[in-house]
Amino acid sequence: MMNLSEGVNGSGHNRSVCESEINQLVRDLDFEKNDIAKQLQCLESRRKKRKFEVDFWLEELQDIKESVRHMNNLNDTHHVSELIQKMKRHKEEKPLTLSTEYVGWRLDENIKKVLKLLDDDKVFVIGIYGMGGVGKTLLATLVENEVKRKTTFKDVFWVTVSDITNISKLQNDIAKRIGVKLDEDDERIRAYHLSSALEKKEKSVLILDDVWRYIDLEKVGIIPKVNGIKVIVTSRLEHLCHQMDCWSYAIIQMFPFSFLPVFQDDDEVDQDLELFKLKLGHDGTPKTLPHEIEKIARCIVERFHGLPLAISVMARTMKGIDDIHQWKHALNQLKKFEMGPEVEEEVFKVLKRSYVNLMDKDLQNCFLSCALLSIDRFDEDGGMIDKQELIMKLVDNGQINKNICLEEIFDEGNTILNKLVSHSLIRSGYFWVYTHPLVRSMACYTMKESQRNVIVELNEKFTKIPLSFGCATDLEFVHIRNCVIEEISEDLSPNCRKLSTLIINKVSINHVPESFFKYMNSLSILDLSFNESLVSLPNSITNLRSLVSLIVKECDSLKHVPPLGELQALSRLVISETSIEEAPQGLEKLNNLKWLDLSRNERLDLELGSFSSYLTKLQYLDLRKTRAVIKVEDVQRMKILECFGGAIDCNQFMQNNLDMSFGLTKTYHLILGNVCGKSKCRSFINLTPGSENRCIEFQDCDLFCRILPKDHTLLRICSLCKNNRNPWDSIQQINQSINQSMFNQNFYSFK
């Protein structure tokens, strides 16, 4: 211990308190230093190498101790406070994994989280979950090692659960670990004896690894609050951790090194390569690769997107190989999605178990669709798979009942996605869904095993449509995105009579040949979005009589869409953010249309009244940021419309007693102003069914004397009238409209 009184001047109570705290921190840091020294001695005896972070921590500790030694005045409260905080922070930042064989900064962070939870008197069960192969068992093992080194807990018992489904087998395994024999057949008596034995063990930690089913701990004989035992559960299932009575803050989710590539930095890329080279080497010493081979190795590693299991297996297959030709060949195979037998056996089968565990066949098929539809990363321009779009494609595909209201559809869709998230098969945000590329590859592998043919090509340097597309008569699904395809051959007529879904996004084509859809009689979903150079759609689309969904978004150059009246099966039509000037002919003939989105087509002229009376099944209508002429009665005529967005000219509202209720419409963005066929929508309110966003937006209005819908939740005033001599008159008119509406719980936004 360091005697500060020799080097520090100061007096009084504050000096004594500070001196005591600093001395205690010095003792604590010296203890941690000695602990590290013992571990390093053990590492060296096993010929393992230390991480550079260890030396960095020890050097910084020496600097801190020097600062303490040379501190002259404890009355300098600011300086003393900074030093104390620095010492506390340094103690918390002590590295726990000292060997180079453990990769990733999140590993230490997660170990510290678990250890902190073990010290929490309110926490009895800790959950660790994440996708297969992410390192849950490794984390639990390192926590076990740390607990054994410390004296807080007397014992640590490890039981691998996996396929254990009956209580008796689990009881026997736990009894064997703690050294107790259970001879009785009655589960309750066995539970009593097991509980008594655990109680005698006093403070202990029980690790239940690889849990797939809910375990009633009390029926087994584990009563944490009574036995003084803490339980750590590792699983792929988030909901299981909650069922096992984990507090939300006591559940730790584990991610691959680069779980969301848009946020991936150089350190995370290096972690991937660091693990790969470590597994290529021997005894914890990374393999040193020649420059050219290391460049190839980096490309190989990138294909596995940070999943430790896949990186480790691939490294093992390349161990001892120094021929650059073999490295190039391995990379070429990966580009063709040919992972090799070892990867397929040890990675895909591990990942597939999460799919099998879904049990329900319909849910399994929904997962396969989600995996194939979602993109593998956030695009450079911020693009991502939209949750609303994904749910609607499940509807288009017949996996969600389309004959119910949109709110119920989205309740069911979000429930499906939440289940897949809970099984660690996908990740989801408020608006987006992300599937790990290896999980999607596993989905393709699963469909291949079932003799179902699909093509998924994302972010590849293809300049032409894949040859397998043109001749695969059994092809069911095609998703091509962000590839360097500049044209489709004029004579290409893929013989794909079973093809049900075709998605071609973010390529450089300017048109699609007339012959392209000739043999696609079963096509039900066609998505040609995000093709900026696409000028026209072929007239042959009109022959796709099975088409249920036609999606064309963000095709800025698109000017021609053929008549669609013959597409009697069409239930969803999205043509958004294009250069079309008139609505596709034949809209009034689409008797089964339920979803119509023509928004953001700023040159589009149309009169809603010319076809609205025919679209009796329409549930969703978005005409914002167009030149559409809309009357209130046109909207009111659609009796089952649930979501509406569009602009209505304020000149229509001259009567104070106009009824503006919209029946079943629960979500709307109504823009009122001197529209004259032009909607100047400032920002788009979310029209997701079930969100119940109800926004009224005033723009450049001369008259505000009207009754507003009573159920609106947001009133947005973007600009007052330009012609009104006294703007205060407009505000008074607005206030009158608000009072007449007699609404509560509303939000106002003035701009």
Side-chain angles (χ1 to χ4, degrees), residues 129-132 134 236-239 253-256 258-264 305-307 351 354-355 358 360 362-400 406-407 409-444 446-447 454 456-459 477 479-482 501 503 505-506 525 527 529-530 549 551 553-554 572 574 576 595 597 686-691:
Y129 83 99
M131 66 184 291
V134 80
R236 298 190 197 180
L237 314 176
E238 181 186 10
H239 63 276
Q253 183 177 8
M254 293 194 68
F255 301 102
S258 48
F259 68 97
L260 279 182
V262 72
F263 302 122
Q264 186 174 357
H305 300 267
L307 188 65
L351 296 175
S354 297
Y355 160 80
L358 292 172
D360 182 86
D362 290 336
L363 189 57
Q364 288 177 340
N365 285 329
C366 284
F367 158 70
L368 293 175
S369 294
C370 288
L372 299 179
L373 288 167
S374 64
I375 61 178
D376 70 344
R377 63 187 181 89
F378 292 86
D379 291 330
E380 290 82 356
D381 61 0
M384 64 191 82
I385 184 66
D386 180 76
K387 183 184 284 189
Q388 176 174 286
E389 180 61 30
L390 181 57
I391 290 173
M392 287 310 299
K393 278 196 168 78
L394 292 179
V395 176
D396 299 337
N397 209 28
Q399 291 168 310
I400 295 178
L406 286 179
E407 187 172 355
I409 284 174
F410 274 75
D411 286 342
E412 183 176 345
N414 280 292
T415 299
I416 289 169
L417 296 181
N418 289 338
K419 286 180 179 179
L420 298 180
V421 168
S422 183
H423 281 74
S424 299
L425 284 166
I426 65 172
R427 293 201 69 234
S428 175
Y430 191 76
F431 294 115
W432 53 266
V433 175
Y434 169 80
T435 303
H436 192 280
L438 286 179
V439 173
R440 185 176 50 256
S441 295
M442 176 272 288
C444 295
T446 300
M447 296 192 76
V454 301
V456 179
E457 304 286 5
L458 310 179
N459 307 300
F477 181 101
H479 186 181
I480 298 172
R481 181 185 176 92
N482 205 24
T501 300
I503 302 171
N505 295 160
K506 297 196 75 173
I525 300 174
D527 187 337
S529 301
F530 311 111
S549 175
I551 316 297
K553 293 189 290 189
E554 294 190 40
R572 190 162 72 105
V574 179
S576 175
W595 185 292
D597 183 355
N686 176 24
L687 285 185
T688 299
S691 65

For the pair Asp527 and Lys393, find out whether any cationic side-chain nitrogen is under 4.0 Å from an anionic carboxylate oxygen. yes
Point-to-point distance, once rounded to the nearest 0.5 Å, from [atom1] of [X] to [atom2] of [Y]:
| X | Y | atom1 | atom2 | result |
| --- | --- | --- | --- | --- |
| Leu425 | Leu363 | CG | CG | 8.5 Å |
| Leu373 | Ile391 | CG | CD1 | 12.0 Å |
| Leu351 | Arg236 | CG | CZ | 6.5 Å |
| Cys366 | Lys419 | SG | NZ | 9.5 Å |
| Ser428 | Lys387 | OG | NZ | 3.0 Å |
| Leu394 | Glu389 | CG | CD | 10.0 Å |

Side-chain (Ser422) to main-chain (Asn418) donor-acceptor, under 3.5 angstrom: no
Audit row: Lys553, Val574, side chain to side chain contact (heavy atoms under 4.5 Å, CB included) steps and yes/no: CA-CA 7 Å; Lys553 293 189 290 189; Val574 179; 3.5 Å; yes
Mind running side chain to side chain contact (heavy atoms under 4.5 Å, CB included) on Arg440 and Ser374 for me, showing each step along the way? CA-CA 8 Å; Arg440 185 176 50 256; Ser374 64; 4.2 Å; yes
For the residue pair [X] and [Y], establish whether any side-chain heavy-atom pair is separated by less than 4.5 Å.
| X | Y | result |
| --- | --- | --- |
| Gln253 | Ser424 | no |
| His436 | Pro256 | yes |
| Ile503 | Arg481 | no |
| Arg572 | Ile551 | yes |
| Leu358 | Leu420 | yes |
| His479 | Leu372 | no |
| Phe530 | Glu554 | yes |
| Thr446 | Gln364 | no |

side-chain hydrogen bond (donor to acceptor under 3.5 Å, both in side chains) involving Gln399 - partner list, sequence neighbours excluded: Ser369, Asn397
Take Asn686 and Phe431 through the test side chain to side chain contact (heavy atoms under 4.5 Å, CB included) and record every step on the way to the result. CA-CA 10 Å; Asn686 176 24; Phe431 294 115; 3.7 Å; yes
Only one of Leu417, Val433, Val439 clears side-chain contact (heavy atoms from CB on, under 4.5 Å) with Cys370; which? Leu417
Relative to the ring of His423, is the ring of His239 parallel (under 30°), tilted (30 to 60°) or perpendicular (over 60°)? tilted
Is there a side chain to side chain contact (heavy atoms under 4.5 Å, CB included) between Phe410 and Asn414? Walk through the geometry before answering. CA-CA 6 Å; Phe410 274 75; Asn414 280 292; 4.2 Å; yes
